[in-house]
Amino acid sequence: MGFKILKKCPDTRARRGVLTTPHGEINTPIFMPVGTRASVKAMSPEELVKLNAEVILGNTYHLFLKPGMEIIGKARGLHKFMAWDRPILTDSGGFQVFSLSSLRKITEKGVHFASHIDGSRFFLGPEESMSIQRTLGSDIVMAFDECTPYPSDYKTAEKSMLQTTRWEAVSRDQKLNDGQQLFGIVQGSMYKDLREQSAKSLVEIGFEGYAIGGLSVGEPEDTMFEVLDWTVPHLPEEKPHYLMGVGTPKQLVESVARGIDMFDCVIPTRLARHGSAYLSNGTTIPIKAGRYSNDFAPVDENCDCYCCRNFSRAYIRHLFSVGEILGMRLLTLHNLYYFINLMRKIRDSLETGAFAEFRKTCFNS
RNA sequence: GUGGAUGUAGCUCAGUUGGUUAGAGCGCCUGGUUGUGGCCCAGGAGGCCGUCGGUUCAAAUCCGAUCUUCCACC
């Protein structure tokens with residue numbers, strides 16, 4: 001178990017690495033498709049394997065509410081329950097408690113909240129989150145944190161960051177299963193000294209990996225990159241760095257250059273369900289637009305995914321306009337293929353020492 | 001043929017006792033969507049109100065003719 005750096009970029013902070021878990025190896029930099037409720041929406045595990053997805057996300061908050069831990073326990077863990085035998089990373093539930101639920105009451109022990117599904121009351125704190133993630137049996141466990149809203153004034157951001165730090169220390173003290181790796185999460189909003197302080201505190205506690213949270217929450221893109229520039233240098237170089245919830249193709253490349261190894265984002269799958277398809281230059285097209293009704297070219301001429309090898313824009317637009325499930329499935333497949341392949345190209349360029357060049361030219365086509 | 005109904009945005013329809021630049025839903029076009037509620041949000045384009053004539057200061061609205069479509073009867 002653990003992280004090994006295979007090669008470093010001579011020009012940037014980018015690295016090519018391998019993270020070993022109980023369910024296999026993860027080649028970094030990596031993009032992790034999101035499978036919140038024990039399903040990467042519209043994809044079967046078999047299709048994800050064909051796409052070369054090496055690791056997917058699951059979510060403590062959602063799985064805790066439905067189907068509940070008793071059922072996951074009876075299924076003997078999330079891997080068996082959903083028939084996915086590759087690595088799984090589970091989010092701690094902290095983010096969702098703040099973004100989805102209502103009637104939150106925060107105490108030193110955790111958060112009282114009302115379910116976004118039916119309003120029923122629950123409590124989630126670091127002890128509960130770790131216990132749940134132990135039952136889920138995920139390979140990578142995230143510490144319980146509070147995602148500081150944006151914008152936040154300094155005092156609010158500081159208070160929130162310190163609360164997160166205390167919860168993360170409690171998370172670290174909980175017992176996990178053999179092989180489960182715990183990642184800490186840096187907070188601190190957009191303040192340089194808070195980010196540094198958060199990073200240093202986490203390093204003191206000691207985690208198998210370090211995530212950067214509280215970004216891509218509405219701040220300008222340049223601000224996000226700036227926060228990465230402030231934060232990553234304070235993380236242990238030999239541990240994996242995970243940027244939570246990011247991002248667009250351009251943000252992935254730019255964040256790799258700033259030393260990030262892991263990403264997760266709903267963008268490719270959510271946009272696919274809403275009818276947006278990624279092109280190789282990193283932009284999207286709205287496949288539902290009337291102008292595609294007579295366009296018999298593939299979604300992306302430069303793509304060799306199953307969708308682009310077999311189907312036309314006109315056909316997929318038709319599927320969307322009549323509400324056929326296959327439309328969402330094909331675009332999800334295509335968008336994930338694009339993201340996963342983009343990361344493979346990043347890794348290839350790191351291996352050959354050509355990342356800096358790739359960074360400049362990768363969206364030119 | 002007779003009687004009744006109908007005609008307003010691409011589609012389905014609202015438009016009160018005549019009163020400023022005629023509305024809605026869907027569709028269409030532009031943006032947005034970042035640790036997931038198969039959505040949603042913000043803008044925009046688009047109408048000689050079937051046609052012709054009349055009444056009136058003023059007509060989608062009242063009157064006449066005509067055409068369209070539908071129903072019933074013969």
Side-chain angles (χ1 to χ4, degrees), chain A residues 31-43 55-63 65-66 88-102 115-118 129 133 138 140-150 164 183-187 209-221 223-225 227 242-252 254-255 260 262-276 278 282-293 317 319-332 335-336 339:
Chain A
F31 177 80
M32 308 181 281
V34 178
T36 301
R37 302 190 291 190
S39 161
V40 174
K41 293 181 192 292
M43 290 290 102
V55 48
I56 63 172
L57 249 74
N59 200 288
T60 293
Y61 173 89
H62 294 270
L63 295 169
L65 294 180
K66 273 178 189 294
I88 294 176
L89 180 151
T90 46
D91 198 1
S92 65
F95 181 83
Q96 285 70 29
V97 163
F98 293 98
S99 68
L100 293 178
S101 70
S102 57
S115 155
H116 71 287
I117 301 169
D118 59 8
S129 178
Q133 293 184 77
S138 42
I140 300 167
V141 170
M142 298 308 297
F144 190 76
D145 70 329
E146 176 184 2
C147 182
T148 310
Y150 176 84
T164 285
F183 280 30
I185 305 172
V186 177
Q187 291 289 346
Y210 295 85
I212 300 175
L215 288 181
S216 192
V217 288
E219 79 285 5
E221 191 176 71
T223 303
M224 180 176 91
F225 292 143
V227 171
Y242 164 29
L243 177 54
M244 304 186 79
V246 173
T248 65
K250 178 192 163 197
Q251 288 168 355
L252 298 185
E254 287 305 307
S255 301
I260 300 297
M262 303 164 70
F263 302 90
D264 78 280
C265 191
V266 303
I267 275 191
T269 44
R270 177 188 283 165
L271 287 190
R273 292 194 309 282
H274 298 171
S276 287
Y278 270 97
T283 64
T284 60
I285 59 168
I287 203 68
K288 293 192 251 189
R291 77 188 89 115
Y292 299 117
S293 57
R317 176 190 133 88
L319 294 177
F320 268 92
S321 62
V322 296
E324 282 292 343
I325 300 167
L326 186 58
M328 288 189 279
R329 282 179 33 70
L330 290 175
L331 281 198
T332 299
N335 282 354
L336 280 179
F339 272 61

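Only this structure's heavy atoms are used, side chains among them; waters, hydrogens and symmetry mates stay out. Order of the sequence lines sets the chain letters (A, B, ...), proteins ahead of strands, with each chain counted from 1.
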(request) Can you check whether any acceptor in the base of B/G35 is under 3.5 Å from a donor in the side chain of A/Asn59, or vice versa? (result) no
Every protein N/O within reach of nucleotides 39-47 of chain B N/O, cut-off under 3.5 Å:
| unit_1 | atom_1 | unit_2 | atom_2 | d |
| --- | --- | --- | --- | --- |
| B/C39 | N4 | A/His274 | ND1 | 3.0 |

What's the gap between [N] and [M] when it is taken at their [atom1] atoms, as a whole Å value?
| N | M | atom1 | value |
| --- | --- | --- | --- |
| B/C71 | B/G32 | P | 50 Å |
| B/A9 | B/C26 | C1' | 12 Å |
| B/G18 | B/A58 | P | 16 Å |
| B/C39 | B/A5 | C1' | 42 Å |
| B/U56 | B/A60 | C1' | 16 Å |
| B/C74 | B/G7 | P | 28 Å |
| B/C49 | B/U68 | C1' | 16 Å |
| B/U16 | B/A59 | C1' | 16 Å |

Give one of base, sugar-phosphate or nothing for [X], where a contact means two heavy atoms less than 4.0 Å apart.
| X | value |
| --- | --- |
| A/Gly214 | base |
| A/Lys288 | sugar-phosphate |
| A/Ala211 | nothing |
| A/Gln187 | base |
| A/Asp264 | sugar-phosphate |
| A/Ser321 | nothing |

(request) Given side-chain contact (heavy atoms from CB on, under 4.5 Å), test A/Phe144 with A/Thr60 step by step and report yes or no. (result) CA-CA 10 Å; A/Phe144 190 76; A/Thr60 293; over 6 Å; no
Rounded to whole Å, please give me the gap between [atom1] in [X] and [atom2] in [N].
| X | N | atom1 | atom2 | value |
| --- | --- | --- | --- | --- |
| A/Gln251 | B/U33 | CD | P | 9 Å |
| A/Leu271 | B/G37 | CG | P | 14 Å |
| A/Phe144 | B/G35 | CZ | C1' | 13 Å |
| A/Tyr242 | B/G35 | OH | P | 9 Å |
| A/Tyr150 | B/U33 | OH | P | 15 Å |
| A/Met32 | B/U34 | CE | P | 18 Å |
| A/Asp118 | B/G37 | CG | P | 15 Å |
| A/Glu219 | B/G32 | CD | P | 17 Å |

(message) Please tell me whether A/Glu146 and A/Gln187 have a donor and an acceptor in their side chains that are separated by less than 3.5 angstrom.
(response) no
(message) Quick check on B/G27: is either OP1 or OP2 less than 4.0 Å from any side-chain nitrogen or oxygen of A/Arg317?
(response) no
(request) Report yes if a side-chain nitrogen or oxygen of A/His62 is closer than 4.0 Å to either non-bridging phosphate oxygen (OP1 or OP2) of B/G37; otherwise report no. (result) yes
(message) Among A/Ile212, A/Ile260, A/Leu89, which residue satisfies the side-chain contact (heavy atoms from CB on, under 4.5 Å) criterion with A/Tyr242?
(response) A/Leu89
Which of the following nucleotides, [options], is nearest to the side chain of [X]?
| X | options | answer |
| --- | --- | --- |
| A/Met328 | B/G37, B/U34, B/G38 | B/G38 |
| A/Phe95 | B/G35, B/G38, B/U34 | B/G35 |
| A/Ile185 | B/G35, B/U34, B/G37 | B/G35 |

So, taking the atom named [atom1] in [X] and the one named [atom2] in [Y], what distance separates them when rounded to the nearest 0.5 Å?
| X | Y | atom1 | atom2 | result |
| --- | --- | --- | --- | --- |
| A/Asn335 | A/Leu330 | CG | CG | 11.0 Å |
| A/Leu331 | A/Tyr278 | CG | OH | 12.0 Å |
| A/Ser92 | A/Tyr61 | OG | OH | 13.0 Å |
| A/Met244 | A/Phe95 | CE | CZ | 9.0 Å |
| A/Lys288 | A/Ser293 | NZ | OG | 15.0 Å |
| A/Thr269 | A/Lys41 | OG1 | NZ | 8.5 Å |

(request) Check salt bridge (charged side-chain N to carboxylate O under 4.0 Å, His left out) between A/Lys66 and all other residues, then give those that pass, not counting sequence neighbours. (result) none
Could you list, one pair per line, each protein nitrogen or oxygen that sits under 3.5 Å from a nitrogen or oxygen of nucleotides 11-13 of chain B, together with the distance?
none

(message) If you define the side chain from C-beta out and look only at heavy atoms, does anything of A/Asp91 sit under 4.5 Å from A/Asp264?
(response) no
(message) Test your reading of the model: is there a side-chain donor-acceptor pair from A/Thr248 to the backbone of A/Gln251, 3.5 Å cut-off?
(response) yes
(request) Quick one: stems involving RNA chain B, counted as three or more successive Watson-Crick or G-U pairs, both distances short of 3.5 Å. (result) B:1-5 with B:69-73, B:10-13 with B:23-26, B:28-32 with B:40-44, B:50-54 with B:62-66
(message) Run the side-chain contact (heavy atoms from CB on, under 4.5 Å) test against A/Ser115 and tell me which residues pass, sequence neighbours left out.
(response) A/Leu65, A/Ile117, A/Asp118, A/Ser120, A/Phe122
(message) Both A/Glu324 and A/Met224 contact RNA chain B. Taking the nearest nucleotide for each, which residue is further toward the 5' end?
(response) A/Met224
(request) Mind checking side chain to side chain donor-acceptor pair (under 3.5 Å) for A/Ser129 and listing every partner two or more places apart, or none if nothing turns up? (result) A/Gln133
